[in-house]
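Notes for the one structure printed next.
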Amino acid sequence: MRLVLGIESSCDETAAALVTEDRRILAQAIASQDDRHAPYGGVVPEIAARAHAERLTPLVQRVLNQAQVALNEVDAVAATAGPGLIGGVMVGLVTAKALAMASDRPLLAINHLEGHALSPRLADPALEFPYALLLVSGGHCQLLRIEGVGRYRRFATTIDDALGEAFDKTAKILGLGFPGGPAVERLATEGDARAVPLPRPLLGSGEPHFSFSGLKSAVLRARDSGQYASADIAASFQRAAIDCILDRTSRALEQMGEVTALVVAGGVAANGSVRAALEALAGTRDLRFVAPPQALCTDNAAMIAWAGLERMAAGLPGDPLDIAARPRWPLDPEADTVRGAGVKG
Ligand code: KG4
Ligand code: ZN
């Protein structure tokens with residue numbers, strides 16, 4: 001039974017986890033840095049990198065102790081090697097290299113997006129390839145056909161902001177603090193989603209790409225008009241965003257060919273209304289709907305360990321100790337570049 005130590009440090013969560021081939025998370029720990037970034041209303045890369053450097057090693061020690069596993073009992077050390085904030089990625093990757101060397105085990109340099117893309121299979125053993133994936137996080141908004149381990153076809157991306165970013169900016173505009181997604185979701189429950197007329201960028205367009213910057217500007221104008229209650233703006237924003245997601249996902253599904261399921265992953269997949277809307281869409285197409293539990297949606301190390309286990313099971317080799325951290329790293333290197341897109345990988 002293979003056992004992999006996973007490390008995640010690409011944004012503002014420092015995380016370590018021990019996961020087995022048969023999908024047991026033996027131990028995991030996540031140190032959030034929300035308190036350090038909150039005064040700035042967003043993640044400050046330099047602060048994030050320093051916090052990872054302080055916290056990661058004791059966190060790894062903690063999960064090993066919790067699971068009562070010695071370092072040389074793991075079969076590989078997997079760490080996010082990109083895309084992400086480069087200082088943080090380097091802390092995680094260099095730590096993993098040292099642990100791999102000390103334990104004489106292979107290093108697995110994992111694409112963070114691959115972690116999100118395969119995380120639904122950690123939660124759901126019945127989920128088979130190929131599946132349609134809506135990957136919605138703070139840095140990414142993509143529709144992919146997940147065809148196998150290492151085989152990812154991108155059908156759409158955002159031409160400007162990621163969906164999580166739009167949630168975070170809306171929260172900032174409404175003075176809800178950081179991180180914004182959960183705060184917008186909470187406030188939206190108290191508002192009327194029809195109260196504020198907001199645009200649905202790219203709705204109905206032929207390519208299934210996303211755009212959220214116009215929506216964000218409209219939220220700013222709505223606030224500045226002084227005509228609307230914050231809860232109504234939050235609810236109307238969330239409704240508009242969901243309308244865009246449903247339209248774009250339907251379009252991509254038409255282009256993808258056969259898939260076993262519609263799957264959502266990434267931080268925004270923690271949003272209950274987003275999940276419910278996608279579940280209904282899957283229902284209209286007789287597709288199974290899969291969403292990982294919330295703790296596996298936002299950044300975590302179990303998904304990185306799991307991606308490592310999937311790579312080992314697929315017979316893919318480990319990575320050399322001189323492998324570089326990558327600020328950008330597209331999941332589908334063949335995908336066309338789209339104006340404004342791919343900025344974060
Ligand atoms: O996947 P993730 O943890 O980090 C990245 O790889 O970016 O995603 C974080 C993003 C943030 O933008 C956060 O506001 C958003 O996911 N998010 C949510 C919710 N929980 C987290 N957005 C909407 N509703 C939520 N409940
Ligand atoms: Zn992420």
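The structure displayed is predicted, hence computed values, not measured ones. In listed order, ligands and their atoms are each counted from 1.
Residue N65 qualifies as enclosed at atom CG: its count of foreign heavy atoms under 6.0 Å is above 12. With a 6.0 Å radius and a threshold of 12 heavy atoms from other residues, nucleotides or ligands, M90 has its CE atom at or below the threshold.
Separating the CG atom in D299 from the OG atom in S32 is a distance of 10.5 Å, to the nearest 0.5 Å. Here the straight-line distance linking atom CZ of R154 with atom CG of L331 works out to 10.0 Å at 0.5 Å rounding.
Near G164, meaning under 4.0 Å from one of its heavy atoms, ligand 1 places the atoms 12 (O). Counting atoms of ligand 1 from 1 in the listed order, those under 4.0 Å from a heavy atom of G139 are 7 (O). Atom numbering of ligand 1 starts at 1 in the shown order; those under 4.0 Å from a heavy atom of E185 are 25 (C), 26 (N). Proximity to G267 (heavy-atom distance under 4.0 Å) selects the following atoms of ligand 1: 1 (O), 2 (P), 8 (O), 16 (O), 17 (N), 18 (C), 19 (C), 20 (N), 21 (C).
For R50, the side-chain hydrogen bond (donor to acceptor under 3.5 Å, both in side chains) partners at least two apart in sequence or on another chain are E46. Every residue meeting the side chain to side chain contact (heavy atoms under 4.5 Å, CB included) condition with A302, not counting sequence neighbours, appears here in chain and number order: A17, V19, I25, Q28, L122, L296, N300.
Considering A188, G181, C11 only, the shortest heavy-atom separation from atom 25 (C) of ligand 1 involves G181.
Salt bridge R200/D247: absent, no basic N to carboxylate O contact under 4.0 Å. D75 has no carboxylate O lying under 4.0 Å from a charged side-chain N of R105, or vice versa, which leaves the two without a salt bridge. Contact check on R288 versus D124 returns a salt bridge, with a Lys/Arg side-chain nitrogen under 4.0 Å from an Asp/Glu carboxylate oxygen. Using a cutoff of 4.0 Å between basic side-chain nitrogens and carboxylate oxygens, D243 and R239 are scored as salt-bridged.
Within the 4.0 Å heavy-atom criterion, both parts of T298, backbone and side chain, lie near ligand 1. Counting heavy atoms closer than 4.0 Å to ligand 1, residue H116 contributes side-chain atoms (C-beta onward) but none from N, CA, C or O. Neither the backbone nor the side chain of P179 comes within 4.0 Å of ligand 1, counting heavy atoms alone.
The tally of protein N/O/S atoms under 2.8 Å from the Zn ion (ligand 2) stands at 3.
Between Q294 and ligand 1 there is no heavy-atom distance shorter than 4.0 Å. Heavy-atom separations between H112 and ligand 1 include at least one value shorter than 4.0 Å.
Looking at ligand 1, you'll find an N or O of D299 within less than 3.5 Å of one of its N or O atoms.
In the hydrophobic clustering, where aliphatic and aromatic side chains (Ile, Leu, Val, Met, Phe, Trp, Tyr) are joined below 4.5 Å either directly or transitively, L99 groups with L3, L5, I7, L18, L26, L56, V60, V63, L64, V69, L71, V74, V77, V91.
The shortest contact between atom 14 (O) of ligand 1 and any protein heavy atom is with D168 OD1, 2.6 Å. With hydrogens left out, the protein atom closest to atom 9 (C) of ligand 1 is G138 N, 3.7 Å, a heavy atom. The nearest heavy-atom contact from the protein to atom 24 (N) of ligand 1 is N271 ND2, 3.0 Å.
For the ring-ring contact (aromatic ring centres under 6.0 Å, His included) criterion with F167, the lone passing option out of F212, F178, F237 is F237.
Hydrophobic clustering, with ILVMFWY side chains joined whenever heavy atoms are under 4.5 angstrom apart, groups F210 together with L262.
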